[in-house]
2 protein chains.
Amino acid sequence: MTIARRDSEKYSAEKYERPSVTVDVLVFTIVGDELKILLVKRAAWPFENYWALPGGFVQMNESLEQAAIRELREETGVSDVYLEQLYTFGDPGRDPRTRVITVAYIVLITADALELKAGSDAGEAQWFPVKKIPALAFDHQKIVEYGLNRLRSKLEYSNISYGLLSTEFRLSELQKVYEVILDRQLDKRNFRKKILSLGLLEATGEKEISGAHRPAMLYRFNKKEIVFFD
Amino acid sequence: MTIARRDSEKYSAEKYERPSVTVDVLVFTIVGDELKILLVKRAAWPFENYWALPGGFVQMNESLEQAAIRELREETGVSDVYLEQLYTFGDPGRDPRTRVITVAYIVLITADALELKAGSDAGEAQWFPVKKIPALAFDHQKIVEYGLNRLRSKLEYSNISYGLLSTEFRLSELQKVYEVILDRQLDKRNFRKKILSLGLLEATGEKEISGAHRPAMLYRFNKKEIVFFD
DNA sequence: TGAATAGTGTCTTTCAGACAATATGCC
DNA sequence: GGCATATTGTCTGAAAGACACTATTCA
């Protein structure tokens with residue numbers, strides 16, 4: 001087989017002009033009946049005043065995950081979350097300033113972590129229902145669509161939903177997560193049958209009373225890591 | 001909600017020290033009863049004389065995909081292939097020279113494209129059965145394992161196997177692809193029932209005679225793009 | 001006719017999906 | 001009792017998996 005010598009062997013890394021590398025974070029949460037994503041308003045050129053994904057440059061001494069978590073904390077103060085690398089977008093010209101390669105991450109936040117922040121004054125960041133996303137800067141529209149597809153498909157064959165619920169929850173809350181993300185109604189009996197048969201949930205033995213009706217059993221996931229099924 | 005101002009707004013991109021960005025390519029093919037991966041032998045520090053994934057620096061004016069294809073062509077001369085982004089690895093310290101973030105790609109090559117190259121003299125690149133991979137440079141061992149997992153799972157819910165077969169093929173060849181990658185035997189009747197029911201294959205009407213036995217119908221995929229099922 | 005691969009059907013079990021009535025607690 | 005949510009089982013159809021014999025070609 002004819003083999004060309006590797007270019008990368010012939011030059012030291014320092015001689016190459018280097019692109020910038022950023023992380024962008026898709027922060028999802030569920031509020032009520034809606035899946036929402038966190039966006040920040042850009043203050044400067046390019047795309048001034050456009051909404052964009054929170055993100056920023058990767059520092060030389062942090063991993064990509066650490067960069068994503070750092071950006072997340074800068075925007076929300078939250079840090080204990082589900083984090084998953086989504087995809088890397090790097091077409092030349094996606095940023096008019098310079099060559100920027102961005103590694104996109106998905107983060108899932110529980111609704112109650114969110115409530116800890118509620119009541120503070122609004123900043124330049126805002127939650128948008130994914131069904132009502134404004135025009136976005138750069139190629140962020142494409143990134144969000146890619147992330148939504150990933151989230152929807154992963155919901156069907158993993159326990160990723162634990163990232164959107166507090167530790168203990170009612171089965172009806174879990175079902176709501178599925179319904180909101182998949183954007184369709186599910187049959188209560190079939191949902192419970194299926195989800196319980198996976199063996200990922202355990203009953204806490206406690207019941208939650210939340211109004212003038214029969215109290216619900218609380219469940220929790222028996223694994224904290226992501227698990228695939230099917 | 002309290003929001004920290006985005007660091008990325010406060011500085012121009014030029015002030016940041018930039019990591020190097022490379023692509024590494026996992027080139028898979030099937031030869032006989034084995035799944036093989038292309039590796040190149042490093043000629044210089046670091047990891048001199050270790051085998052590594054083919055790869056190199058991303059040029060400023062090419063997309064990540066173009067970089068992967070360019071590296072592939074430099075190593076094999078092949079360019080019409082299935083290409084899929086795998087994952088981005090960027091831990092500090094994964095390359096002792098400098099901060100290097102690498103975007104890994106999976107490439108699938110058909111066995112007959114490979115034969116076009118056979119007979120030429122061997123270079124510093126070599127095909128290794130994935131079951132007998134030597135010690136690899138950098139974190140390439142981890143990357144290869146990640147890629148193998150992706151390949152195996154994607155085989156089960158997509159038509160990705162078209163990347164490993166020539167345009168027309170016998171069902172027994174397709175079954176062999178599945179058996180080699182999944183590393184287990186499949187029942188012939190169930191396999192054919194299942195794969196034909198997906199509606200992704202069409203019979204060419206031609207038969208292939210290849211020895212002292214009944215000739216086999218040739219099939220082809222009716223879509224050239226990747227399709228997901230299940 | 002022997003060797004080698006191609007091609008085919010049934011049964012069983014499992015799982016998804018449609019579907020409605022009863023239970024419990026608060027007011 | 002009225003309201004609101006929780007909890008539970010059956011039937012049906014589809015798909016997965018176990019399993020063995022006949023067909024065709026060439027030497």
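Keep in mind that what you see is a predicted model, and the values were worked out from it rather than measured. All chains are named by letter (A, B, ...) in the order of the sequence lines, taking the proteins before the strands, and each is independently numbered beginning at 1.
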Salt bridge present between A:Glu202 and A:Arg220 (N-O < 4.0 angstrom): yes
Would A:Arg152 and A:Glu156 pass as an ion pair if we require N to O under 4.0 Å? no
Result for side-chain contact (heavy atoms from CB on, under 4.5 Å) between B:Glu75 and one of B:Leu38, B:Leu39, B:Val25 points to B:Leu38
Just the rounded figure in Å: distance from [atom2] of [N] to [atom1] of [X].
{"X": "A:Glu179", "N": "D:dT5", "atom1": "CD", "atom2": "P", "answer": "13 Å"}
{"X": "B:Leu186", "N": "D:dG17", "atom1": "CG", "atom2": "C1'", "answer": "11 Å"}
{"X": "B:Arg170", "N": "C:dA4", "atom1": "CZ", "atom2": "P", "answer": "15 Å"}
{"X": "B:Glu208", "N": "C:dA4", "atom1": "CD", "atom2": "P", "answer": "18 Å"}
{"X": "B:Ile195", "N": "D:dA15", "atom1": "CD1", "atom2": "C1'", "answer": "14 Å"}
{"X": "B:Tyr178", "N": "D:dG17", "atom1": "OH", "atom2": "P", "answer": "13 Å"}
{"X": "B:Leu198", "N": "D:dA16", "atom1": "CG", "atom2": "C1'", "answer": "13 Å"}
{"X": "B:Arg214", "N": "D:dT24", "atom1": "CZ", "atom2": "C1'", "answer": "5 Å"}

Take atom CG of B:Asp80 as the centre, draw a 6.0 Å sphere, and report whether it contains more than 12 heavy atoms from other residues, nucleotides or ligands. no
Within less than 4.0 Å of OP1 or OP2 of C:dT5, is there a side-chain N or O belonging to B:Ser172?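 So the side-chain polar atoms of B:Ser172 never come under 4.0 Å of the phosphate oxygens OP1 or OP2 of C:dT5.
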B:Ala216 side chain, from C-beta outward: closest of D:dT25, C:dG25, C:dG7: C:dG7
Step through it carefully: locate the ring centre of A:Phe169, locate the ring centre of A:Phe221, and say whether they are under 6.0 Å apart.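 Between A:Phe221 and A:Phe169, which both carry aromatic rings, the centre distance is below 6.0 Å.
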Protein heavy-atom contacts under 4.0 Å, written 5' to 3' over nucleotides 8-17 of chain C as B (base), S (sugar-phosphate only) or - (none), form the string BBB-----SB
Hey, mind stepping through B:Tyr87 and B:Tyr146 against ring-ring contact (aromatic ring centres under 6.0 Å, His included) and telling me if it holds? CA-CA 8 Å; B:Tyr87 196 80; B:Tyr146 196 93; 4.7 Å; yes
